[in-house]
Amino acid sequence: MSVNSKRVFYVKYLANPIYVDILKARPDVRLDRIENESPDDVYAPILSAAHVYQIGAARDELAPHFHVDAAFLKRTPNLLLVSSNGAGFDPVDVEACTDAGVVVVNQSGGNAHSVAEHALAMMLTLSKRIIQSDRRLRRERDVNRNDLVGNEVEHKTVGIIGLGNVGRRIAALCKGLLGMKVLAYDPYLTAEVMAERGGEKVELDELLRRADFVSISCPLNKGSRNMISVREFALMQPHAYFITTARGFIHDEDALLQALRDKRIAGAGLDVWSKEPPPPEHPLLQLDNVLASPHTAGVTIEARQNMGRIAAEQVLDVLDGKRPPRIINPEVWPRYAERFKQAFGVTPG
């Protein structure tokens with residue numbers, strides 16, 4: 001294969017510089033960087049020649065014209081692979097990619113430990129009322145500690161929605177470290193598989209009714225969008241906490257705000273938002289029983305390095321004609337294989 005014959009590009013940023021180091025070690029791969037503000041005459045030739053688009057997972061950090069949709073795909077006739085920087089792939093229209101014969105992959109599992117630890121930290125902070133204690137100490141004198149009585153989590157029930165890479169790690173930490181009971185809702189897994197991952201399989205309504213903590217760790221798709229709204233918050237116990245480290249739009253922010261204002265639930269830990277980062281005047285940020293972070297659950301040194309490494313390795317696997325391990329749209333493979341052979345003269349395995 002000739003030098004720079006395989007074309008990869010990204011916009012603005014990568015998970016970690018290790019991605020560049022790995023790809024630059026390959027003389028047959030050319031890596032281009034585009035900025036959100038790059039003019040059309042700069043990025044159009046790159047898009048037209050590209051085989052791989054390494055795309056950011058955060059929709060609000062990427063200029064809209066670099067989101068992958070049908071219109072974008074018309075500008076990338078040679079594109080074979082869209083690879084998300086993270087586990088999520090919000091800026092990607094997967095159906096449009098499938099129609100175009102383009103494989104979509106993510107880096108699922110690469111930040112599972114970091115996200116699970118973040119969810120656990122939120123659970124403990126809320127239950128022990130640490131955030132409320134911190135805020136009151138900063139605002140008031142002579143704080144009465146009896147106004148800030150918290151709860152232990154041992155023997156409590158956590159309900160995990162989505163028992164994939166992150167959910168199973170949350171289950172392991174809650175069950176093994178804290179002695180909690182784990183309920184889980186995941187329509188894609190059998191009861192046997194969920195038991196192996198540490199969770200008792202239940203339906204969503206039962207989970208919401210029984211859990212002391214509800215933790216979201218499923219991907220955003222058509223089935224999960226707005227899955228937790230007015231009806232679902234009404235099913236939760238008044239002392240229960242809602243925690244999400246998954247994706248915005250899985251829960252209805254307005255419904256959550258009303259549930260908190262009406263004291264239907266005890267509080268919330270929110271790492272994901274419909275607009276990221278949320279503005280400081282966001283109504284949920286005005287509540288002392290809301291613990292907030294700007295989608296940083298998976299943003300650790302270790303996770304970023306791991307994500308960059310597995311992203312680069314997966315891209316090179318694809319360019320070498322191998323089947324990648326984290327395909328979002330496996331049904332595209334026959335059409336993709338035809339296009340790959342046209343591009344490189346070999347059929348991918």
Side-chain angles (χ1 to χ4, degrees), residues 87 111-139 143-185 197-200 207-218 228 233 236-247 250-251 256 259-260 263-273 278 284-303:
N111 63 359
H113 292 290
S114 293
V115 177
E117 288 176 2
H118 198 95
L120 188 65
M122 283 185 152
M123 288 173 51
L124 293 170
T125 300
L126 288 164
S127 184
K128 295 288 290 181
R129 302 186 72 182
I130 295 172
I131 190 68
Q132 290 158 295
S133 299
D134 179 86
R135 288 170 179 169
R136 288 207 34 197
L137 281 173
R138 294 170 189 274
R139 293 189 307 224
V143 173
N144 185 350
R145 66 178 183 171
N146 295 314
D147 293 338
L148 296 163
V149 177
N151 288 282
E152 297 180 354
V153 299
E154 187 179 20
H155 305 311
K156 299 295 193 302
T157 298
V158 58
I160 303 172
I161 299 175
L163 209 60
N165 289 301
V166 173
R168 69 197 295 180
R169 181 62 180 155
I170 295 173
L173 289 170
C174 289
K175 195 170 187 176
L177 181 64
L178 298 173
M180 300 178 74
K181 180 177 179 59
V182 179
L183 305 178
Y185 169 72
R197 297 184 179 187
E200 175 189 343
L207 181 149
L208 294 168
R209 289 191 183 101
R210 292 174 56 188
D212 301 299
F213 300 88
V214 173
S215 179
I216 309 293
S217 59
C218 62
I228 308 297
F233 284 122
M236 291 176 62
Q237 301 182 76
H239 68 267
Y241 292 97
F242 175 77
I243 294 159
T244 178
T245 53
R247 278 294 184 273
I250 292 175
H251 71 282
L256 173 59
L260 289 165
K263 295 183 170 31
R264 291 193 214 118
I265 63 174
L270 308 175
D271 183 56
V272 292
W273 306 80
L284 283 166
L285 295 177
Q286 314 314 309
L287 303 179
D288 275 354
N289 59 345
V290 170
L291 176 60
S293 54
H295 206 155
T296 54
V299 182
T300 61
I301 293 170
E302 297 85 355

Colleague: When you measure from the side chain of Thr296 to the backbone N and O of Val299, does any donor-acceptor pair fall under 3.5 Å?
Modeller: no
Colleague: Using a 4.5 Å cut-off on heavy atoms from C-beta on, say whether the side chain of Pro278 contacts that of Leu284.
Modeller: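 No. Closest side-chain heavy atoms not under 4.5 Å.
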Colleague: Might you point out which heavy atoms bring Val166 and Ala112 nearest each other, and give the distance in Å?
Modeller: CG2-CA, 3.9 Å
Colleague: Say you draw a straight line from CG of Leu256 to CZ of Arg264; how long is it, rounded to the nearest 0.5 Å?
Modeller: 10.5 Å
Colleague: How far does NZ of Lys128 sit from CD of Glu152, to the nearest 0.5 angstrom?
Modeller: 6.5 Å
Colleague: Compare all side-chain heavy atoms of Thr244 with those of Leu270 and state whether any distance is below 4.5 angstrom.
Modeller: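 Yes, close enough: below the 4.5 Å cut-off.
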Colleague: Out of curiosity, Leu177 CG to Glu154 CD, how far, rounded to the nearest 0.5 Å?
Modeller: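 Nearest 0.5 Å value for the CG-CD distance: 10.5 Å.
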Colleague: Test side chain to side chain contact (heavy atoms under 4.5 Å, CB included) on His239 and Lys156; report intermediate values, then the result.
Modeller: CA-CA 11 Å; His239 68 267; Lys156 299 295 193 302; over 6 Å; no
Colleague: Under a 3.5 Å distance rule, please check whether Asp271 uses its side chain to pair with a backbone N or O of Ala297 as donor and acceptor.
Modeller: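 Yes, the answer is positive, given that a donor and an acceptor are paired below the 3.5 Å cut-off.
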Colleague: By the definition salt bridge (charged side-chain N to carboxylate O under 4.0 Å, His left out), identify the one residue from Arg136, Arg139, Arg129 that meets it with Asp288.
Modeller: Arg139
Colleague: Measure across Ala211 and Ala240 and return the closest heavy-atom pair with its distance rounded to 0.1 Å.
Modeller: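 Looks like O-CB, 3.6 Å.
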Colleague: Are any side-chain N or O atoms of Arg210 and backbone N or O atoms of Thr157, one a donor and one an acceptor, separated by less than 3.5 Å?
Modeller: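 Looks like no, no N/O pair under 3.5 Å.
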Colleague: From Ser114 OG over to Ile301 CD1, what is the distance, rounded to the nearest 0.5 angstrom?
Modeller: 10.0 Å
Colleague: Starting at CD1 of Ile228, measure out to CG of Leu208 and round the result to the nearest 0.5 Å.
Modeller: 5.0 Å
Colleague: Between Ile130 and Leu124, which heavy-atom pair has the shortest distance, and what is it?
Modeller: CD1-O, 4.4 Å
Colleague: Where do Leu126 and Ile243 land on the side chain to side chain contact (heavy atoms under 4.5 Å, CB included) test, with the steps shown first?
Modeller: CA-CA 10 Å; Leu126 288 164; Ile243 294 159; 4.1 Å; yes
Colleague: Which atom pair, heavy atoms only, marks the closest approach of Val272 to Ala246?
Modeller: CG1-O, 3.4 Å
Colleague: Picking from Val214, Ile160, Val158, what satisfies side chain to side chain contact (heavy atoms under 4.5 Å, CB included) with Leu207?
Modeller: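 With Leu207 as partner, Val214, Ile160, Val158 yield a single side chain to side chain contact (heavy atoms under 4.5 Å, CB included), made by Val214.
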Colleague: Assess the residue pair Ile265 and Leu260 against the criterion (side chain to side chain contact (heavy atoms under 4.5 Å, CB included)); give the C-alpha distance rounded to whole Å, side-chain angles, the decisive distance to 0.1 Å, and a yes or no.
Modeller: CA-CA 6 Å; Ile265 63 174; Leu260 289 165; 3.7 Å; yes
Colleague: Which heavy atom of Asn289 sits nearest to which heavy atom of Ala266, and what is that distance?
Modeller: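 Shortest heavy-atom contact: ND2-O, 2.9 Å.
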Colleague: Answer whether the closest heavy-atom distance between the side chains of Glu117 and Thr300 falls below 4.5 Å.
Modeller: no
Colleague: How long is the straight-line distance from CG of Leu137 back to CG of Leu148, given to the nearest 0.5 Å?
Modeller: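 Taking CG in Leu148 and CG in Leu137, the distance rounds to 8.0 Å.
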Colleague: Return the orientation label for the Phe213 and Tyr241 ring planes: parallel under 30°, perpendicular over 60°, tilted otherwise.
Modeller: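 Plane angle under 30°, so parallel.
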Colleague: Can you name the closest pair of heavy atoms from Met180 and Val153 and give their distance?
Modeller: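 In terms of heavy atoms, the two residues are closest at CG-O, 3.3 Å.
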Colleague: When you measure from the side chain of Ser127 to the backbone of Asn151, do you find a donor-acceptor pair of N or O atoms at a distance under 3.5 Å?
Modeller: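 Flag set: sc Ser127 to bb Asn151 pair under 3.5 Å.
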Colleague: Working note: Arg169 + Ser217, criterion side chain to side chain contact (heavy atoms under 4.5 Å, CB included); need CA distance, chi angles, decisive distance, verdict.
Modeller: CA-CA 10 Å; Arg169 181 62 180 155; Ser217 59; over 6 Å; no
